[in-house]
Undergrad: 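Handing you this structure, nothing more for now.
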Amino acid sequence: MENVLDIMRARGLFDDCTNPDVGEKLAEPGVVYAGFDPSSNSLQAGNFVTIMALAHFQRCGHKVIALAGGATGMIGDPSGKTSERTLLTQEQVAANTEGIRENLSRFLDFDHPTVPAVIVNNNDWLGEFSFLDFLRDIGKHFRMGAMLGRESVRARLASESGMSFTEFSYALLQAYDFLHLHDTAGCRFQIGGSDQWGNITAGIDLVRKLRGEEVYGITIPLVCDSAGQKFGKSEGNAVYLDARKTSPYDFYQFFFRTTDADVARFLKIFTFLSLDAIAELEAGLKESPEQRAAQRKLAEEVTRAVHGDAGLNVALRASEVLFGGSIEGLSATDLAGIFADVPSAELPRAEVAGATVIDVATAAGLCQSKGAARRLVQSGGLYLNNVRVPDVEATVNPEDLVDDAVAVLRSGKKNFHLVKVAG
RNA sequence: GGCGGGGUACUCAAGUGGACAACGAGGAGAGACUGUAAAUCUCUUGGCUAUGCCUUCGAAGGUUCGAAUCCUUCCCCCGCCA
């Protein structure tokens, strides 16, 4: 059995561990868990790192548990956050938890012959815990000194916004999760982002105090791009793993646009390609960077993993056409197929034919306001059917509608919007 | 509960009766250069029927020819004390 820790180290998935012996312990098959926060109804690209780590564990013969934080999501993890977060309603959390289950179910192997993955929801055990029982049974084992010393708490207390008791208590809940999974599933390892260190060690301490047993934590580095930005944001928007929130096309494009400096690192983290294959791609990148072969491979692998072959094909075809230049010679049906994935809007004929491009771009939702559309045209950044719109007076003419039904609007280099004429 | 500090646009943060749609920075969008990269430079960044009009500075009232700025009440946050 290959040691998962070596793999994590080699691929840049290892940040720290709570005990130097953890490598030895992982030589035997074990049970590992990682938690996912349901603050949104879909996991984001950032969570993908943790998912990959879990997948490596499973491949190395460990049983993996993905925990959806239905209960902890009600509270809000203060780790790594500079201000108190807005509480979600029970309904929101329940809906989000469901979405996350759905996401996760596509990345982990639940039908594995020997070590099938499982998903649990901590609301199942934390939800029925009474406050008094929790304070007596769990709270008793946490010392104020240690809790106040926790980095996430210290930072927040020193900050302007302070911290509520609710968020302060968060670590106890996550600590109890570890205890519960230890008791019920024999779980002895927890992995999580480096911001989870405090929460993980809280769990380890709790298990040691109550059960006298040693459990372990491994943290994964927070993935940043070379500019130091937290990974997973595209034009200010988070990149989601759910096709309904981030289309396969946008998802593909996000990875395709990876900077040279990051590509090799990302290949190691986000794909299962062998290190040799990655080294080869890296060499190719040095030789002819304009080919973007490494980026292409990265985008391809990740998109296939997340959206399947069908999603990848749509993304590839759309990318080819969109970055190939002219849309001439394509039929409305072709365009609809290619843009199946790109934001589109259906507008009444009267609002399109003869209207100014500015009005159409705003009505279609490409621009937030007419003023924004006007500024876009003035700076030369708005395109109709891949042809730059010359001035603010320009109109959409009937002959601009492909097959009398469809027009393609674009803002800048890469934001496409399809306009369909209704009726 | 008492005392003090604070709430300005996506964020941080100036502005303490008119020249304020509100300095500056970051972020974001666009352009140029490129390789759908990075770096750099430039422009833009409340809305509109647009040399003007409308709506914004925690909320609601009030004073004034005129309020982000002054007054009143309320809400929220931070700190110290109880």
Side-chain angles (χ1 to χ4, degrees), chain A residues 81-87 153 155-168 224-239 247 249-267 281-282 284-300 302-303 315-326 338 342-343 351 355-359 361-363 365-384 386-393 409-417:
Chain A
K81 303 201 175 56
T82 52
S83 59
E84 185 90 7
R85 94 180 192 188
T86 326
L87 284 181
V153 173
R156 281 282 290 283
L157 285 180
S159 81
E160 183 86 336
S161 54
M163 181 179 221
S164 69
F165 176 72
T166 304
E167 288 199 5
F168 176 67
C224 293
D225 61 26
S226 52
Q229 290 298 305
K230 202 170 162 185
F231 173 83
K233 290 272 196 302
S234 164
E235 271 122 46
N237 298 314
V239 176
S247 72
Y249 166 76
D250 284 330
F251 188 86
Y252 177 88
Q253 285 291 324
F254 171 74
F255 283 95
F256 192 90
R257 284 181 206 133
T258 302
T259 313
D260 292 4
D262 291 331
V263 108
R265 196 160 53 93
F266 286 3
L267 279 164
L281 285 166
E282 208 177 352
L285 184 71
K286 250 181 213 138
E287 207 153 299
S288 42
E290 72 285 353
Q291 299 269 313
R292 307 177 65 78
Q295 278 91 341
R296 185 164 280 118
K297 187 74 177 166
L298 172 68
E300 221 176 278
V302 180
T303 307
L316 282 175
R317 216 151 55 90
S319 299
E320 260 166 50
V321 173
L322 299 181
F323 291 95
S326 170
I338 291 162
V342 158
E351 282 183 33
T356 62
V357 183
I358 287 176
D359 285 337
T362 311
L366 178 67
C367 300
Q368 295 233 317
S369 70
K370 287 187 188 179
R374 183 164 317 187
R375 287 192 293 271
L376 191 61
V377 171
Q378 278 162 355
S379 60
L382 184 64
Y383 299 77
L384 172 63
N386 279 354
V387 178
R388 180 176 282 178
V389 175
D391 59 84
V392 295
E393 307 293 332
L409 287 172
R410 169 158 64 96
S411 151
K413 287 197 178 82
K414 42 207 181 190
N415 297 310
F416 289 88
H417 229 85

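Proteins get letters first, then strands, A, B, ... in listed order; numbering begins at 1 in each.
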Undergrad: Taking the same atom, P, in B:U11 and in B:C74, what whole-Å distance lies between them?
TA: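 One P to the other, the span is 28 Å.
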Undergrad: Among B:A30, B:U36, B:A38, which nucleotide has an atom closest to any side-chain atom of A:Thr259?
TA: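 Of the candidates, B:A38 comes closest.
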Undergrad: On the nucleotide B:G31, are OP1 or OP2 found under 4.0 Å from the side-chain N or O atoms that A:Tyr383 carries?
TA: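 For A:Tyr383, the contact criterion (side-chain N or O under 4.0 Å from OP1 or OP2 of B:G31) is met.
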Undergrad: Expressed in whole Å, how much space separates the P atoms belonging to B:A50 and B:C57?
TA: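 Approximately 26 Å lies between the P atom of B:A50 and that of B:C57.
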Undergrad: Quick one: is A:Ser319 getting a side-chain N or O under 4.0 Å of the B:U36 phosphate, OP1 or OP2?
TA: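 No.
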Undergrad: Over how many whole Å does the gap from A:Asp260 atom CG to B:A37 atom P extend?
TA: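 Distance, rounded to whole Å: 10 Å.
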Undergrad: Can you confirm whether A:Val302 sits close enough to A:Phe254 that some side-chain heavy atom of one is under 4.5 Å from a side-chain heavy atom of the other?
TA: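 Answer no - side chains too far apart.
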Undergrad: Would you mind classifying the nucleic acid contact of A:Ser288 as base, sugar-phosphate or nothing, using non-hydrogen atoms under 4.0 angstrom?
TA: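 Answer is nothing: A:Ser288 stays at 4.0 Å or more from every strand.
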Undergrad: Between atom NZ in A:Lys370 and atom C1' in B:A50, what is the gap in whole Å?
TA: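 About 12 Å, once rounded to whole Å.
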Undergrad: How far does the C1' atom of B:A14 sit from the matching atom of B:U69, given to the nearest Å?
TA: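 Nearest-Å result for B:A14 against B:U69 at atom C1': 13 Å.
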Undergrad: List the steps, then state whether side chain to side chain contact (heavy atoms under 4.5 Å, CB included) holds for A:Gln295 with A:Phe255.
TA: CA-CA 7 Å; A:Gln295 278 91 341; A:Phe255 283 95; over 6 Å; no
Undergrad: Starting at the 5' end of RNA chain B and moving along, which residue's nearest nucleotide shows up first, A:Gly412 or A:Asp359?
TA: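 The residue closer to the strand's 5' end, by nearest nucleotide, is A:Gly412.
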Undergrad: Any heavy-atom pair between the side chains of A:Val392 and A:Gln378 that's under 4.5 Å?
TA: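 With C-beta onward as the side chain, the pair touches.
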Undergrad: Measure from NZ on A:Lys414 to P on B:U36 and round the result to the nearest Å.
TA: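 Spelled out: NZ on A:Lys414 to P on B:U36 is 10 Å.
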Undergrad: Using the C1' atom in both, what is the distance from B:A19 to B:U40, to the nearest Å?
TA: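 Comparing C1' positions in B:A19 and B:U40 gives a spacing of 36 Å.
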Undergrad: Tell me, do A:Ile358 and A:Val377 make a side-chain contact under 4.5 Å, heavy atoms counted?
TA: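 Yes - at least one pair of side-chain heavy atoms lies under 4.5 Å apart.
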Undergrad: Suppose you measure atom P in B:G46 against the same atom in B:C20; what distance do you get, rounded to whole Å?
TA: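 That atom pair is separated by 15 Å.
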Undergrad: Starting at the 5' end of RNA chain B and moving along, which residue's nearest nucleotide shows up first, A:Ala372 or A:Glu290?
TA: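 Whichever sits nearer the 5' end wins; that is A:Glu290.
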Undergrad: Give none if B:G4 has no partner; otherwise give the nucleotide forming a Watson-Crick or G-U wobble pair with it, both distances under 3.5 Å.
TA: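 Its partner is B:C78.
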Undergrad: B:A50 P sits how many Å from A:Ile358 CD1, rounded?
TA: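 Computing the A:Ile358:CD1 to B:A50:P distance gives 12 Å.
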Undergrad: Compare side-chain N and O positions of A:Lys413 against OP1 and OP2 of B:G29 and report whether any pair is under 4.0 Å apart.
TA: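 Checking B:G29 against A:Lys413, no side-chain N or O comes under 4.0 Å of OP1 or OP2.
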Undergrad: Considering only the P atoms, how many Å lie between B:G15 and B:G61, rounded to the nearest integer?
TA: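 My reading of the P atoms in B:G15 and B:G61 gives 28 Å.
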Undergrad: Work out how far the P atom of B:C65 is from that of B:A59, and round it to whole angstrom.
TA: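 Their P atoms lie roughly 25 Å apart.
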Undergrad: Considering every strand and a 4.0 Å limit on heavy-atom distances, what is the contact class for A:Gln295: base, sugar-phosphate, or nothing?
TA: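 Contact class for A:Gln295: base.
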Undergrad: With a 4.0 Å cutoff (strictly under), does any side-chain N or O of A:Ser379 reach OP1 or OP2 of B:C43?
TA: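 So the side-chain polar atoms of A:Ser379 never come under 4.0 Å of the phosphate oxygens OP1 or OP2 of B:C43.
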Undergrad: Rounding to an integer number of angstrom, what distance separates B:G18 and B:A68 when you compare their P atoms?
TA: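 Nearest-Å result for B:G18 against B:A68 at atom P: 10 Å.
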Undergrad: What is the distance from CD of A:Gln378 to C1' of B:G31, rounded to the nearest Å?
TA: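 These atoms are roughly 13 Å apart.
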Undergrad: What is the distance, rounded to the nearest whole Å, between atom CZ of A:Arg156 and atom P of B:C77?
TA: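 Value for this atom pair: 13 Å.
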Undergrad: Nearest 0.5 angstrom please: A:Gln291 CD to A:Leu281 CG, how far?
TA: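 Nearest 0.5 Å value for the CD-CG distance: 12.0 Å.
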Undergrad: So what's B:A28 paired with, Watson-Crick or G-U wobble, going by both distances under 3.5 Å?
TA: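 Pairing partner, where one exists within any strand: B:U44.
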Undergrad: Is the side chain of A:Arg317 donor-acceptor paired with the backbone N or O of A:Ser319 at a distance under 3.5 Å, no angle test?
TA: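 Between the backbone of A:Ser319 and the side chain of A:Arg317 there is no qualifying donor-acceptor contact (under 3.5 Å).
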Undergrad: With the side chain counted from C-beta on, respond yes when A:Leu409 and A:Val389 share a heavy-atom pair under 4.5 Å apart, and no when they do not.
TA: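 No; the side chains remain at least 4.5 Å from each other.
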Undergrad: Which nucleotide, in any strand shown, forms a Watson-Crick or G-U wobble pair with B:U36, with both distances under 3.5 Å?
TA: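 Across any shown strand, B:U36 pairs with none.
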Undergrad: What is the distance from CG of A:Asp250 to P of B:U36, rounded to the nearest Å?
TA: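 Spelled out: CG on A:Asp250 to P on B:U36 is 18 Å.
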Undergrad: Return the pairing partner of B:G18 with a 3.5 Å limit on both distances, Watson-Crick or G-U wobble; otherwise return none.
TA: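 Partner of B:G18: B:C65.
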Undergrad: Paired with B:U72 by Watson-Crick or G-U wobble geometry, both distances under 3.5 Å: which nucleotide is it?
TA: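 Checking every strand shown, B:U72 finds its partner in B:A60, with both distances under 3.5 Å.
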Undergrad: Can you say whether a donor on the side chain of A:Arg375 sits under 3.5 Å from an acceptor on the base of B:U44, or the other way round?
TA: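 Donor-acceptor pair under 3.5 Å: no.
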Undergrad: Give one of base, sugar-phosphate or nothing for A:Arg292, where a contact means two heavy atoms less than 4.0 Å apart.
TA: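 Base: the residue A:Arg292, judged by heavy atoms under 4.0 Å, touches a nucleobase.
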Undergrad: Rounded to whole Å, how long is the line connecting atom CZ of A:Arg374 with atom C1' of B:A30?
TA: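 Taking atom C1' of B:A30 as the reference, CZ of A:Arg374 is at 16 Å.
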Undergrad: I'd like to know if the side chain of A:Thr303 and the backbone of A:Glu300 have a donor-acceptor N/O pair within less than 3.5 Å.
TA: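 Such a contact is absent between A:Thr303 side chain and A:Glu300 backbone.
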Undergrad: Would you say A:Asn415 places a side-chain N or O within less than 4.0 Å of OP1 or OP2 belonging to B:A30?
TA: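 Answer is yes, contact under 4.0 Å.
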Undergrad: So A:Arg388, base contact, sugar-phosphate only, or nothing? Heavy-atom distance under 4.0 Å.
TA: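 It contacts sugar-phosphate atoms only.
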Undergrad: For B:A13, give the paired nucleotide (Watson-Crick: N1-N3 plus N6-O4 or O6-N4; G-U: N1-O2 and O6-N3; both under 3.5 Å), or none.
TA: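 Its partner: none found.
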